[in-house]
Amino acid sequence: MLPSEIERLVREAKAARKKAFAPYSAFTVGAALLTDKGKIYHGCNIENPSLMLSFCAERAALINALVEGGKKFKALAIVSGRKDYCFPCGTCRQMLAEFAPDVEIYLASEKGIKKFSISELLPYQFKKT
Ligand code: THU
């Protein structure tokens, strides 16, 4: 990914974050997922008073993409309001491992942008076969 492409994806994640519904945690997250065909899908966290039902931004982007027919994923940008990086939760890591095993994950914060792979974030991942 070119630096300009990464910056664009981070901008898209920041825009998606504005749509977050997070009145219970006051912690908003945005994600933007780029396919191999150049299409970008967005996600934000959506909370519920039954807190276990809250949905993460990363999975929202992934589900959006899968529903619309996205198949191969090149890069994912994740942003939050935190000063430090916002790492995807365990559930999102497992979902990304299934549907986007080769995705480049870019975490952006005021500290800059850091790149990770799924195998770095989820080593020894659960597989049935
Ligand atoms: N959250 C995400 O959207 N992505 C993450 O990677 C971690 C956490 C959301 C879930 C919940 O709405 C809020 O952040 C606080 O945990």
Side-chain angles (χ1 to χ4, degrees):
M1 291 270 287
L2 297 170
S4 60
E5 295 175 308
I6 299 167
E7 277 158 25
R8 172 165 180 226
L9 201 60
V10 169
R11 278 201 306 277
E12 298 275 342
K14 284 182 180 165
R17 185 179 157 228
K18 294 194 178 127
K19 296 183 180 156
F21 177 76
Y24 305 106
S25 70
F27 187 86
T28 54
V29 186
L33 182 60
L34 174 69
T35 71
D36 61 337
K37 301 218 165 22
K39 186 146 176 43
I40 295 174
Y41 293 95
H42 303 93
C44 57
N45 55 328
I46 312 275
E47 297 185 343
N48 190 272
S50 173
L51 295 177
M52 282 192 317
L53 299 181
S54 295
F55 210 80
C56 291
E58 298 87 330
R59 263 176 300 143
L62 186 58
I63 298 294
N64 265 340
L66 293 172
V67 167
E68 294 295 324
K71 285 204 165 45
K72 286 199 170 166
F73 302 106
K74 201 170 162 190
L76 171 69
I78 305 168
V79 300
S80 77
R82 232 179 138 221
K83 287 202 169 103
D84 211 334
Y85 300 103
C86 175
F87 282 85
C89 78
T91 303
C92 290
R93 292 179 199 204
Q94 187 69 42
M95 287 281 289
L96 289 166
E98 178 68 23
F99 294 105
D102 302 318
V103 77
E104 296 173 8
I105 300 170
Y106 293 96
L107 306 183
S109 78
E110 63 185 45
K111 289 187 162 183
I113 300 177
K114 262 196 172 177
K115 178 184 172 186
F116 294 88
S117 67
I118 277 291
S119 53
E120 283 173 313
L121 295 183
L122 190 66
Y124 307 108
Q125 48 193 254
F126 170 70
K127 284 183 183 147
K128 250 185 112 187
T129 51

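Only this structure's heavy atoms are used, side chains among them; waters, hydrogens and symmetry mates stay out. This is a predicted model, so every value here is computed, not measured.
Distance alone, capped at 3.5 Å, is enough to place a donor-acceptor pair between the S109 side chain and the K83 backbone.
A single hydrophobic cluster is seen to contain both L62 and I118, as judged by linkage of ILVMFWY side chains at heavy-atom distances under 4.5 Å, directly or through other members. Cluster annotation: V79 is connected to I40 through the hydrophobic network of ILVMFWY side chains, with a link wherever side-chain heavy atoms come within less than 4.5 Å. Linking ILVMFWY residues whenever their side-chain heavy atoms come closer than 4.5 Å, directly or via other members, leaves I63 and L53 in distinct clusters. Residues I78 and L33 share a single hydrophobic cluster, defined by chaining ILVMFWY side chains whose heavy atoms lie under 4.5 Å apart. One hydrophobic cluster, built from ILVMFWY side chains closer than 4.5 Å, holds both V29 and L107.
The ring pair (Phe, Tyr, Trp, His ring centres under 6.0 Å) search around F116 returns F87, not counting sequence neighbours. Here A22 pairs with S25, T28, N45, E47 under the side chain to side chain contact (heavy atoms under 4.5 Å, CB included) rule; sequence neighbours left out.
Nearest heavy atoms, L34 versus M1: CD2-SD, 3.7 Å. The two residues R59 and C89 make their nearest non-hydrogen contact at NH2-SG, 4.4 Å. The heavy-atom pair separating G112 from Y85 by the smallest distance is O-CE2, 3.2 Å. The two atoms that bring A108 and I113 nearest to each other are CB-CG1, 4.0 Å, heavy atoms only. What you find for Y24 and N48 is that their closest heavy atoms are CE1-C, 3.6 Å. The minimum heavy-atom distance linking A31 with A16 is given by the pair O-CB, 3.8 Å.
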Name the atoms and distances for all side-chain donor-acceptor pairs under 3.5 Å in residues 93-104, with sequence neighbours left out.
from, atom 1, to, atom 2, distance (Å)
R93, NE, P88, O, 2.6
R93, NH1, L121, O, 2.9
R93, NH2, P88, O, 3.0
Q94, NE2, F126, O, 3.2
E104, OE1, Y106, OH, 2.5

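In this structure, the separation between CZ on F21 and OG on S54 is 9.0 Å, given to the nearest 0.5 Å. Here C44 contributes atom SG and N64 contributes atom CG; the two are 8.5 Å apart, rounded to the nearest 0.5 Å. For the atom pair CG of L122 and OG of S117, the computed distance is 10.0 Å after rounding to the nearest 0.5 Å.
Inter-residue side-chain proximity for F73 and L66 is flagged as met; some heavy-atom pair is nearer than 4.5 Å. Proximity of K115 to I6: side-chain heavy atoms (C-beta onward) are nowhere separated by under 4.5 Å.
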**Message:** Run the salt bridge (Lys or Arg N to Asp or Glu O under 4.0 Å) test on E12 and R8 for me, step by step, so that the C-alpha distance in whole Å, both residues' side-chain angles and the decisive distance to 0.1 Å come before the verdict.
**Reply:** CA-CA 6 Å; E12 298 275 342; R8 172 165 180 226; 3.4 Å; yes
